[in-house]
**Q** 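For reference, the structure I am asking about is given below.
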Amino acid sequence: MTQLTAVSGANRPIVSLTDVIKTYTLGKVEVPALRGLSLDVYPGEFISIAGPSGSGKTTALNLIGCVDTASSGVVSVDGQDTKTLSERQLTDLRLHTIGFIFQSFNLVSVLSVYQNVEFPLLLQRKLNPKEREQRVMTLLEQVGLDKHVKHRPNELSGGQRQRVAVARALVTRPKLVLADEPTANLDSVTGQNIIDLMKELNRKEGTTFIFSTHDAKVMNHANAVVRLADGKILDRITPAEAQKAMAAGAEGH
Amino acid sequence: MGQLKLLVQVAFRNLFASWVNVIIGGIILFGTVLVVVGGAVVDSLDESMSRSIIGSVAGHLQVYSEKSKDSLALYGNMGGEADLRVIERFSDIKKVLEQHPNVKTVVPMGTNSTMLMSGNTVDLTLARLRDLYKQAAAGETPELRAQIDSLKTHVRQMIALLEKDLERRNALAAENAMDPADLRALERARSQEFWDGFEKDPLASLELLENRIAPLVTDGDMVPLRYLGTDLVNYQKTFDRMRIVDGTAVPEGQRGLLLPKFSYEEFFKLKTARRLDIIKEARDVNHRKIAEDPELQRRLKENQTQTRELLFQLDPLKTQQAIARLQKVLGSTDTELEKLLVAFFTMDDANFDARYQQFYAELVPLLDLYRLRLGDELTITAFTRTGYARSANVKVYGTFEFTGMEKSQLAGSLSLMDIITFRELYGYMTADQKDELAKLQEASGVTDVAREDAEAALFGEDSSLVAETSSGSIDEDAQLAGSSQARRQQELALSKYTQQDIDDGVVLHAAIMLKDPDTLEQTMVELQEASKKAGLPLKVVSWHQASDLVGQIILVAKLVLYAAVFIIFVVAVVIINNSVMMATLQRVREIGTMRAIGAHRGFVLGMVLLETTVLGLVFGAAGALLGSLAVKGLGMAGIPAFHESLYFFFSGPRLFPTLQASNIITALVIVLGVSAFSTFYPAYLATRVSPLQAMQTDE
Ligand SMILES: Nc1ncnc2c1ncn2[C@@H]1O[C@H](COP(=O)(O)OP(=O)(O)O)[C@@H](O)[C@H]1O
Ligand SMILES: [Mg+2]
């Protein structure tokens, strides 16, 4: 609790959702995915979004990640209202401010580990080759894959692949990293390792993390758990509370 | 920079990632090979043809009167000679044309064609006999007498052979196959009485044999003769492809004819020898085997069945010599020449080379190898445009060929003639010449021979000339003899000519050699203008156009190639388009991920385009390499002309294509163009892939 207030009081939120509604249209049927979601995330937070399947976790992350647009309400990222941005500006925002970790890793299969991590830097065109190499190698060391630079993704285990993805997401030093169920495709031990790794980077670099999960153990490191249900925020609680709630919920069934 | 490097790396790694790419690559490879090889072959064809055509007859440009009905066709066209309007004075157009700075030489020309009788063996022997009698008239020597008697025996032997032949033929055909008049003439020529009375009036007796007996022998040929009348000296200086093979060039200021070596061999050589030559070449050059080749077998068979030409040529003495030689060669005791010849001409792959050599060593010295000997005079009869026949005697000085087209029938059927004789045969006269001729004719009493008569004279079918006489004292006959005498005098009067004569006379067309052939098109236009200004409107055509059908063939070949290339690449565009589309769909997730991570649409567009470009370059380069090797191989081995009519286009029996940088560049440009073109739409679609695609989970 103390930690939560300490961080949240620091400055402006990096992500701010206000009364966000997202409705999908499937043919003639309107599927409400988010029904008035409001959420502020502050720099340096390590937030877990929890909730049952279909509660709107992925939809919320897509809106924050600027890969989709809200039906109504305001989504602002790094102080910018995403509705006012062009396609190009949104892409730039993703490139420079946000890092993505995907559930299915999404590495480029024909590129080596090193090249996959270097990829966003090449898109940014900010660093010279030497700086790039340094940056990539530092991150690969941090995720423990500095011995595997030349490997192709299909030569790695799932956990190793997700580490590469983590390195790729962080290599541009983004202010915000989004991860939609990053551990869903991993066994629990490996999943735990990935979350540990993320937490470590959050602590060291101060990067803001928002990740979704429905695994209670994974939420441990979070400094807040935002619980979603039917496209709305149920509450914002600590991991301990969340675990208790989930245990109770499980008993209830 | 780093981005591009990455894109190239992605492109290269994707190259073999999908079987789709391998198919696209295969198409590109095949297309490139086709463009390189096809391009090189067509270019070489064009090059060798242009060298041949320009350097033999056409020059860079040809000019002829704009008022002509037809367009010029140097190698003839189907319906006979093109109808060209006469240009009255060559010097007029020469002056205008030579003023152009790019014109190097102007050569006057005219082409026409007619038929010649190559003369049959009986005719030739009789002609020789007639010569001997003429010599004897001036003073008989015992030596001459012996020669006359020998030839007379030879003729009687021929008539005996002829009769046997005819009997055989008659037995096969329906009764009355022979004209009774012919039979009577033959009977008379066989009779002892005829020969006893021969010496009383030898010329009249010869007349009978020439008019009635010789036509019964069927070994004479109608030889097509196309001739180009030109300023021979200037021609030879200008056209470097022309080369004298046997004999000599026509001396400056002399009338004369040069026969193409090909025609000379084809039409005037002893048929038996010609057939052996053809078989030898087929065996030596084309590695054909008699045992496997029905065509060669047929030719050998003909040599066995058509020994008549040889039998006729041999007088009794030579017949004995031939028998002796053949007996020795064959180890035979047979005494009948015909049987020996049949045995000798029974050849196969094993004995051919030896027999061929024996034929030339043993038999040929006893024979006339050619029916027309160099140095002989040839009477050429041609029809003027108004339908009158005109004859001229020209000495055959030699044979020639065009380098690189030695085997081409098309190039080898055009004889070269001095332009003075050509004009005479063409029959067009300017006002001045008409006056001059009128005076000459008045002096000698010559009139033009009407077409029918001339045809008759040419083909020997006029009944008035072969009336049933033994004396030959018919009026018209005398008149004909008289007229040819007069013509001879007239010819003699004109037999020497000067450059002035050449320049001041009629031409039908003229060849122009340029100093700089690269500006051919422009020069054409300028010459046309200049001629119009000078009041002598000319049509100026390039060598391509002037050679008409022949020139179009290269165009057709190019069109066919381009059409094939076009079709292949249309197919390629469709397939590549579909494949890239498929490949893009397979990669939606990857592309979506890139977009999510921050790749702009331009990056995705560049990536897909670059991938196809790399694909095009890699397989295109491989295709170009393969194609180059193929051309190199073909250049070494040569593409065989599977038919002799191709010799002309190939400049010989084989085409040796060479590779030019332009062939490869063209191929690569086309390939890259095609692959880029066919990728635009799929690439555009790829840019529309949403980053949301990256978020989808696997299940
Ligand atoms: N592309 C889509 N089209 C239509 N309905 C969708 C789409 N994506 C999600 N939904 C619906 O929106 C709701 C929220 O889904 P989602 O955000 O994926 O939830 P979660 O990630 O928590 O499982 C669900 O009812 C889901 O069926
Ligand atoms: Mg989800």
Side-chain angles (χ1 to χ4, degrees), chain A residues 53 57-59 61-63 65-69 87-112 115-129 131-133 152-153 165 168-169 171-172 174 178 180-181 184-185 212, chain B residues 1-22 583-608 610-612 614-615 618 684-699:
Chain A
S53 202
K57 305 185 291 289
T58 301
T59 307
L61 281 173
N62 286 349
L63 293 182
C66 303
V67 296
D68 206 354
T69 47
E87 217 290 321
R88 177 164 276 280
Q89 287 169 322
L90 287 173
T91 307
D92 276 333
L93 190 63
R94 292 197 298 269
L95 177 60
H96 296 290
T97 311
I98 308 174
F100 286 89
I101 299 166
F102 304 90
Q103 180 180 331
S104 324
F105 325 135
N106 290 18
L107 299 177
V108 180
S109 57
V110 295
L111 296 182
S112 67
Q115 285 172 317
N116 263 288
V117 177
E118 191 190 23
F119 195 94
L121 293 179
L122 290 170
L123 290 176
Q124 279 192 333
R125 305 193 209 215
K126 280 203 288 206
L127 303 182
N128 65 33
E131 293 168 325
R132 277 205 308 267
E133 192 188 337
R152 292 283 186 93
R168 180 177 66 182
V171 76
T172 56
L178 302 176
D180 190 11
E181 311 213 22
N185 283 355
S212 69
Chain B
M1 203 47 225
Q3 217 179 80
L4 188 71
K5 210 172 108 191
L6 178 82
L7 280 180
V8 172
Q9 252 165 11
V10 170
F12 267 101
R13 298 215 174 142
N14 270 325
L15 212 54
F16 294 101
S18 155
W19 56 268
V20 175
N21 282 352
V22 178
T584 306
L585 287 178
Q586 282 173 2
R587 290 171 63 191
V588 183
R589 187 200 195 85
E590 189 180 295
I591 294 170
T593 305
M594 289 178 181
R595 294 280 286 120
I597 294 177
H600 285 283
R601 284 180 171 161
F603 178 89
V604 174
L605 183 75
M607 180 176 77
V608 178
L610 192 82
E611 270 178 37
T612 337
V614 165
L615 193 74
V618 167
Y684 167 79
L685 284 188
T687 65
R688 299 288 122 178
V689 170
S690 159
L692 265 177
Q693 300 285 353
M695 308 302 167
Q696 244 115 53
T697 46
D698 279 330
E699 0 90 283

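To find a chain, count down the sequence lines: A is the first, B the second, and so on, and within it residues start at 1. Computed from a prediction, not measured in an experiment: that's the story for all the values here.
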**Q** For the side chain of B:Arg595 and the backbone of B:Ser690, is there at least one donor-acceptor N/O pair under 3.5 Å apart?
**A** no

**Q** What residue, out of A:Glu118, A:Gln124, A:Arg132, A:Arg152, has the most heavy-atom pairs lying under 4.5 Å from chain B?
**A**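 Winner by heavy-atom pair count: A:Arg152.
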
**Q** So which residue, A:Asn128, A:Asp180, A:Leu111, ends up with the most heavy-atom pairs under 4.5 Å with chain B?
**A**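 Most heavy-atom pairs under 4.5 Å with chain B: A:Leu111.
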
**Q** Is there side-chain contact between A:Glu131 and A:Lys126, with at least one heavy-atom pair below 4.5 Å?
**A** no

**Q** Specify the closest pair of heavy atoms between A:Arg168 and A:Val108, including all atoms of both residues, with the distance to one decimal.
**A**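 Closest pair (atom of A:Arg168, atom of A:Val108, distance): NH1-N, 4.4 Å.
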
**Q** Taking B:Pro691, B:Ala596, B:Ala599 one by one, which has the highest count of heavy-atom pairs under 4.5 Å against chain A?
**A** B:Ala596

**Q** Which atoms of B:Arg601 come close to chain A, meaning under 4.5 Å heavy atom to heavy atom: side chain ones, backbone ones, both, or neither?
**A** side chain

**Q** A:Phe119 and B:Phe603: aromatic ring centres closer than 6.0 Å?
**A** yes

**Q** Is a donor on one side and an acceptor on the other found under 3.5 Å between the side chain of A:Asn62 and the backbone of A:Asp68?
**A** no

**Q** Any idea which of A:Thr58, A:Leu123, A:Leu107, A:Thr172 has the most non-hydrogen atom pairs under 4.5 angstrom with chain B?
**A** A:Leu123

